[in-house]
Amino acid sequence: MTASSLPKSKQQLILAVLMVCSLLIWLDNTVLSTTLETLADPDRGLDAGPDELQWATGSYTLTFATLMFTAGALGDRFGHRTVLLTGLVVFAASSVWAAFAGDGGQLIAARAAMGVGSALIMPANMAILMWTFTGPARSTAIAVSSTSAGVGMAVGPVLAGVLLDHFWWGSVFLVNVPVVVLALIGITVLVPNFRSPVVRPLDPAGMLLSVSGLAALAYGLIRTGQVATWSRTDVWAPIVAGLVLLALFVRVELRSKMPSFDPRLLARRAFGGGNVALGLLLFAVSAVTFYHAFYMQGARGYSPVAAGLASLPTALGAILGAPVGARLVHRWSLRLVAVPALAFAALTMGAYGLVGLSTPLVWIEALLLVQGLSIGMVLGPVTAALISTLPLDRAGAGSAVTNTVRQTGSVLGIAVGGTIMSIVYRRAIEPSLHGVPGPVGDQARVSAEQARHVATTARLPELGRAADEAFVHAMHVGAIWIMIVTFFGAAVLLLALREDHGRGSGIAVRGEQLPSRQEPGPRMRIGSDIAGSGGRRRSPRTDGRMSA
């Protein structure tokens with residue numbers, strides 16, 4: 001039995017279930033961004049400081065980014081359905097843990113566990129999709145599946161706003177549980193247990209080096225925002241240690257005969273450059289989303305529901321941008337569509353530098369719509385082009401390379417974006433603290449959220465206004481840096497997609513998929529009772545299953 005022999009109706013049902021799994025991850029990312037302001041509130045939330053909020057977001061993305069390539073190897077070994085089911089169970093259990101966390105530390109730990117679940121879900125999800133569909137139907141399925149990101153971005157903020165208005169903050173995590181139950185039923189009933197015919201090692205050394213290296217780097221960057229200096233040992237030492245560990249990780253993977261995360265894939269100009277560009281885009285998106293959540297609810301004073309509704313144009317733009325970008329790529333080329341779209345996304349990031357406390361909401365909505373369209377026109381077509389170059393027998397681990405780079409960009413975007421915000425805010429608020437009582441000033445220096453709270457308690461309305469202005473100034477400075485990073489991503493993509501008549505690129509340059517090499521696709525293995533064949537061919541079984 002091969003992937004193409006699955007009935008078309010069953011293929012469509014499998015795609016629907018996989019989209020539910022993908023929706024779950026995007027839904028969780030967006031509901032948290034709407035909840036950050038509430039979590040920072042001493043009365044309604046956990047009284048979380050900026051560093052705890054960065055880690056609540058970053059710990060999830062950190063484990064998500066660094067465990068995906070190991071999850072891909074697990075799927076090739078034990079079956080992608082098995083890994084997907086395990087990931088969903090872990091995600092649901094850790095969501096309950098996060099919902100009832102008693103302080104910032106528990107929330108950070110629960111979010112890290114949720115990242116483990118997501119790391120198991122994402123590579124298996126993409127691998128099953130690639131096993132299920134072949135030929136042109138695969139590209140279409142990837143494009144359709146990518147719309148779940150836009151749906152999650154649209155539904156998440158509004159859903160979180162409604163829940164926060166009627167229940168306590170933990171409800172935004174409990175909402176994951178019924179979605180998981182629905183996905184578990186669909187996967188158990190519909191999805192075969194696809195596996196790679198080649199069993200690869202699990203690479204514990206690579207996993208340990210990548211997790212510790214990225215964690216140390218993120219810690220050093222976030223610590224910089226707490227102490228507002230680069231000269232302290234507890235700032236530069238973790239950053240240096242993280243870079244060294246990541247370099248060792250790359251060296252270990254290069255020396256491995258069968259690496260779970262293959263850096264050689266990134267050495268290919270189109271694949272590597274495209275992934276770097278997407279990583280930089282996700283860096284910018286994560287940072288600007290972090291700013292936007294505090295701007296709408298904190299500085300502008302919108303309720304969670306209003307802030308969620310105000311974020312809809314970004315999601316709608318992303319939903320529309322992906323198919324529009326795909327059509328334009330078919331007519332022109334990936335390079336002529338994605339590079340200008342990424343450059344335009346950079347301009348929309350920088351436009352946050354023009355947004356103030358009294359900017360009309362209609363202008364902000366227009367900005368978010370254009371931003372979403374630009375991002376959708378990049379993420380959808382470029383992701384589909386990169387994924388289509390992956391060899392089928394490396395589906396789990398190969399897609400993990402792409403997702404790891406993107407999630408690493410998100411980790412660093414949150415760390416760097418939050419650090420810039422903290423440093424610039426503290427410097428901007430300092431002149432307004434002269435004559436303010438010591439304990440009040442100390443709390444106001446922590447964050448704009450803390451400053452507003454203490455200003456209300458101490459009846460110092462001018463301090464609250466000063467905090468809003470300091471935050472907006474910090475957002476302006478951060479927006480400029482985010483724009484520069486995004487423009488650099490556009491330059492990388494321009495070079496990566498340099499048209500060379502498709503020779504060895506494996507990237508669709510003018511509406512057609514150009515294969516990176518000619519090789520027959522491997523057959524799939526289905527079922528949990530055929531492990532250990534070592535990739536040897538066997539004759540067809542009488543029960544309809546065949547090992548490759």
Side-chain angles (χ1 to χ4, degrees), residues 18-34 61 122 125-126 139-161 274 277-293 296 307-329 334 337-352 364-387 402-403 406-407 409-410 413 482-483 486 489-490 493:
L18 296 180
M19 288 183 67
V20 170
C21 297
S22 180
L23 174 65
L24 182 71
I25 294 175
W26 283 99
L27 196 67
D28 182 72
N29 285 338
T30 51
V31 298
L32 181 64
S33 65
T34 307
T61 315
M122 184 62 78
N125 198 63
M126 183 57 68
S139 298
T140 302
I142 292 173
V144 171
S145 178
S146 67
T147 61
S148 61
V151 174
M153 290 170 62
V155 174
V158 179
L159 176 62
L278 290 183
L280 293 173
L281 174 59
L282 268 293
F283 175 103
V285 169
S286 298
V288 82
T289 301
F290 195 75
Y291 290 173
H292 181 76
M296 295 299 291
L309 290 171
S311 300
L312 278 178
T314 305
L316 295 177
I319 294 173
L320 295 173
V324 169
R327 292 190 185 96
L328 292 177
V329 167
L334 184 61
V337 174
V339 173
L342 186 50
F344 216 83
L347 291 175
T348 65
M349 306 287 183
Y352 273 86
I364 298 174
E365 299 299 276
L367 171 64
L368 295 178
L369 178 61
V370 175
Q371 186 177 98
L373 282 168
S374 302
I375 293 171
M377 291 176 67
V378 177
L379 278 180
V382 174
T383 300
L386 295 179
I387 293 297
T402 296
N403 284 295
R406 291 167 58 169
Q407 294 303 321
S410 296
I482 294 169
M483 179 180 66
T486 313
L493 191 61

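Count residues from 1 along the sequence.
Scanning for side chain to side chain contact (heavy atoms under 4.5 Å, CB included) contacts around L159 gives L27, V155, L163, V175, with sequence neighbours left out. In this structure F283 satisfies the side chain to side chain contact (heavy atoms under 4.5 Å, CB included) test together with L412, V416, V485, sequence neighbours excluded. Applying the ring pair (Phe, Tyr, Trp, His ring centres under 6.0 Å) criterion to F290, with sequence neighbours excluded, gives F294.
Among all heavy-atom pairs drawn from P381 and V329, the shortest one is CB-CG2, 4.0 Å. A pairwise comparison of heavy atoms in G274 and L493 identifies CA-CD1, 4.1 Å as the closest pair. Nearest heavy-atom pair, E365 versus A310, reported as atom, atom and distance to 0.1 Å: OE2-O, 2.8 Å. Here the closest non-hydrogen pair linking N125 and S22 is ND2-CB, 4.1 Å. Minimum heavy-atom separation, A341 to V378: CB-CG2, 3.6 Å. When all heavy atoms of L367 and A351 are compared, the closest pair comes out as CD1-CB, 3.6 Å.
In terms of modelled atom types and a separation under 3.5 Å, the side chain of S311 and the main chain of A307 share a donor-acceptor contact. A donor-acceptor contact shorter than 3.5 Å links the side chain of T348 to the backbone of A345.
Within the 4.5 Å cutoff, no side-chain heavy atoms of Y352 are placed close to those of I482. The side-chain heavy atoms of H292 and T314, taken from C-beta on, include no pair separated by under 4.5 Å. Residues T486 and V285 have side chains not in contact (no heavy-atom distance under 4.5 Å, counting atoms from C-beta outward). No side-chain heavy atom of V20 sits less than 4.5 Å from a side-chain heavy atom of L24.
Note: L373 CG to I319 CD1 = 10.5 Å, rounded to the nearest 0.5 Å. Rounding to the nearest 0.5 Å places SG of C21 at 12.0 Å from CE of M126. Here the CG-CG distance, from L347 to L342, works out to 10.5 Å after rounding to the nearest 0.5 Å.
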(request) Kindly indicate, with the supporting measurements, whether the criterion side chain to side chain contact (heavy atoms under 4.5 Å, CB included) is fulfilled by L379 and L282. (result) CA-CA 9 Å; L379 278 180; L282 268 293; 3.7 Å; yes
